[in-house]
Amino acid sequence: MKNVGVVGGGLMGSGIAEVSARAGQDVVVVESSDDAAKAALGRLEKSLQRAESKGKIDSADAVLARIQVVTDLDALADREVVVEAIVEDETAKVELFKRLDTVVSAPDAILASNTSSIPIMKLGVVTSRPTQVIGIHFFNPVPVLQLVELVPSLLTSADTTARSRAWVQDGLGKQAIDCQDRAGFVVNSLLIPFILSAIRMYESGFASAEDIDRGLVLGAAHPQGPLALADLIGLDTTKAVAESLYEEFKEPLYAAPPLLQRMVDAGLLGRKTGRGFYTYG
Ligand code: NAD
């Protein structure tokens with residue numbers, strides 16, 4: 001698959017567009033407004049210039065030339081694979097998959113979601129082709145982290161899973177693991193309760209954010225602590241994933257602590273807004 005579509009050019013969508021274009025693929029990114037499209041292009045330029053200055057790519061301009069950022073979903077008509085990476089909101093994603101089903105015309109196109117927690121089945125069944133709908137879950141930062149979780153629903157065909165695997169592994173050079181369509185998949189089912197425990201520990205005054213993070217970095221060889229990681233993921237995304245896990249399993253370990261909820265209400269979303277558990281920029 002050489003023609004890629006990405007819907008949503010935020011943190012993840014711009015990363016997925018970048019790795020696809022760096023792998024020589026032709027990429028169309030659809031954003032929701034002109035301002036959002038401009039921001040997406042800015043993210044791509046900044047990241048590619050950084051990659052060029054570190055010698056990881058020859059030319060940022062050459063990669064950028066393979067990416068178009070637009071606001072019209074119809075631009076996805078000829079795409080062989082479309083990865084949805086809009087906000088983690090089930091209603092918004094369901095609406096989008098209904099529209100993708102009418103817009104994407106290639107009969108065997110794969111309609112993928114990068115959702116962290118919404119059941120793939122809910123997105124598949126609103127299309128006329130649930131056998132071609134699959135979760136392709138990348139990790140942040142996409143250009144750096146190797147893992148992709150492949151999440152077929154009960155209705156996804158073996159052919160869709162096999163072609164998705166070939167695309168991420170042979171096309172993009174990532175490594176895939178397989179998991180079933182239940183909230184959180186493998187990594188977030190383990191990671192989110194860990195981050196929530198760190199937030200509860202900080203909230204209770206048991207230790208400072210710095211000491212919690214230093215503890216895990218120096219004592220458990222984590223590359224960064226859980227609160228710095230929450231800031232990187234985005235506290236809104238962290239909360240949304242926790243809520244999906246809680247809704248699915250009703251286990252207290254998945255319940256978002258009050259501090260996380262208040263920080264999200266306050267717009268303290270981590271790195272992307274300049275402040276979360278730490279202050280940036
Ligand atoms: P983000 O808020 O950075 O980006 C979302 C983008 O989608 C925004 O730029 C927004 O303008 C755009 N958008 C919203 N509605 C749209 C629409 N209808 N059409 C086109 N564009 C639209 O969010 P993100 O962190 O990039 O997360 C995107 C998805 O990836 C979510 O489903 C999230 O759960 C998942 N995910 C996030 C991470 C992470 O670490 N942040 C990791 C893996 C997966």
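The figures here come from the full heavy-atom set of this structure, side chains too, leaving out hydrogens, waters and symmetry mates. As the structure lists them, so they are numbered: ligands from 1, and atoms in each ligand from 1. Note that the structure is predicted; figures quoted are calculated from it, not measured.
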key: Salt bridge Glu243-Lys239, side-chain N to carboxylate O under 4.0 Å   = yes
key: Asp26 vs Lys2, salt bridge (Lys or Arg N to Asp or Glu O under 4.0 Å): CA-CA, chis, key distance, verdict   = CA-CA 6 Å; Asp26 179 86; Lys2 288 281 183 199; over 6 Å; no
key: Check: Ser116/Glu88 side-chain N/O donor and acceptor closer than 3.5 Å   = no
task = Indicate whether the side chain of Gln132 and that of Thr160 have a donor and an acceptor atom separated by less than 3.5 Å.
result = no
request  = Report yes or no: does Phe139 have a heavy atom closer than 4.0 Å to ligand 1?
outcome  = no
key: Within 6.0 angstrom of Leu154 CG, more than 12 heavy atoms from elsewhere   = no
ask   = Can you tell which part of Val30 has a heavy atom less than 4.0 Å from ligand 1: side chain, backbone, both or neither?
value = backbone
message = Starting from atom 29 (C) of ligand 1, what is the nearest protein heavy atom, named by residue and atom, and what distance separates them?
response = Ile86 O, 3.3 Å
task = Just say parallel, tilted or perpendicular for the rings of Phe138 and Trp167, cut-offs at 30° and 60°.
result = perpendicular
key: Ligand-residue contact atoms, ligand 1 with Val7, heavy atoms, under 4.0 Å   = 19 (N), 20 (C)
query = Got a second to check how far Leu191's CG is from Phe185's CZ, nearest 0.5 Å?
reply = 14.0 Å
query = Hey, is Lys93 one of the residues with a heavy atom under 4.0 angstrom from ligand 1?
reply = yes
More than 12 heavy atoms of other groups within 6.0 Å of Lys122 NZ = no
Distance from atom 35 (C) of ligand 1 to nearest protein heavy atom, with residue and atom = Asn114 O, 3.4 Å
request  = Measure the distance from atom 41 (N) of ligand 1 to every protein heavy atom, then report the residue, atom name and distance (to 0.1 Å) of the closest one.
outcome  = Ile233 O, 3.1 Å
query = How far is atom 32 (O) of ligand 1 from its nearest protein heavy atom, and which residue and atom is that?
reply = Glu88 OE1, 2.4 Å
query = Which bit of Ala36 is near ligand 1, meaning a heavy atom under 4.0 Å away: side chain, backbone, both or neither?
reply = side chain
query = Short list, please: which atoms of ligand 1 are under 4.0 Å from a heavy atom of Thr115?
reply = 32 (O)
ask   = When you check the side-chain N and O atoms of Thr156 and Ser153, is any donor under 3.5 Å from an acceptor?
value = yes
inquiry  = Taking a cutoff of less than 4.0 Å between a non-hydrogen atom of the residue and any ligand atom, is Ala85 in contact with ligand 1?
reply    = yes
message = Could you identify the single nearest non-hydrogen protein atom to atom 27 (O) of ligand 1 and state the distance to 0.1 Å?
response = Met12 CG, 3.9 Å
key: Heavy-atom protein neighbour under 4.0 angstrom from atom 23 (O) of ligand 1   = no
key: ligand 1 contacted by Leu96 (non-hydrogen, < 4.0 Å)   = no
note = Of all protein heavy atoms, the one nearest atom 3 (O) of ligand 1 is Leu11 N, 3.0 Å
query = What residue and atom, counting heavy atoms only, is the protein's closest point to atom 36 (N) of ligand 1, and at what distance?
reply = Ser116 OG, 3.2 Å
task = Might you confirm whether atom CZ of Arg275 has over 12 heavy atoms from other residues, nucleotides or ligands at distances under 6.0 Å?
result = no
ask   = Which of the numbered atoms in ligand 1 are below 4.0 angstrom from a heavy atom of His137?
value = 43 (C), 44 (C)
message = Is it the case that atom CD in Gln224 sees more than 12 heavy atoms from other parts of the structure closer than 6.0 Å?
response = yes
note = Ranking Asn140, Val6, Thr71 by closest non-hydrogen atom to atom 40 (O) of ligand 1, top hit is Asn140
inquiry  = More than 12 heavy atoms of other residues, nucleotides or ligands under 6.0 Å from CG of Asp58: yes or no?
reply    = no
ask   = Got the closest protein heavy atom to atom 9 (O) of ligand 1, with its distance?
value = Glu31 OE2, 2.4 Å
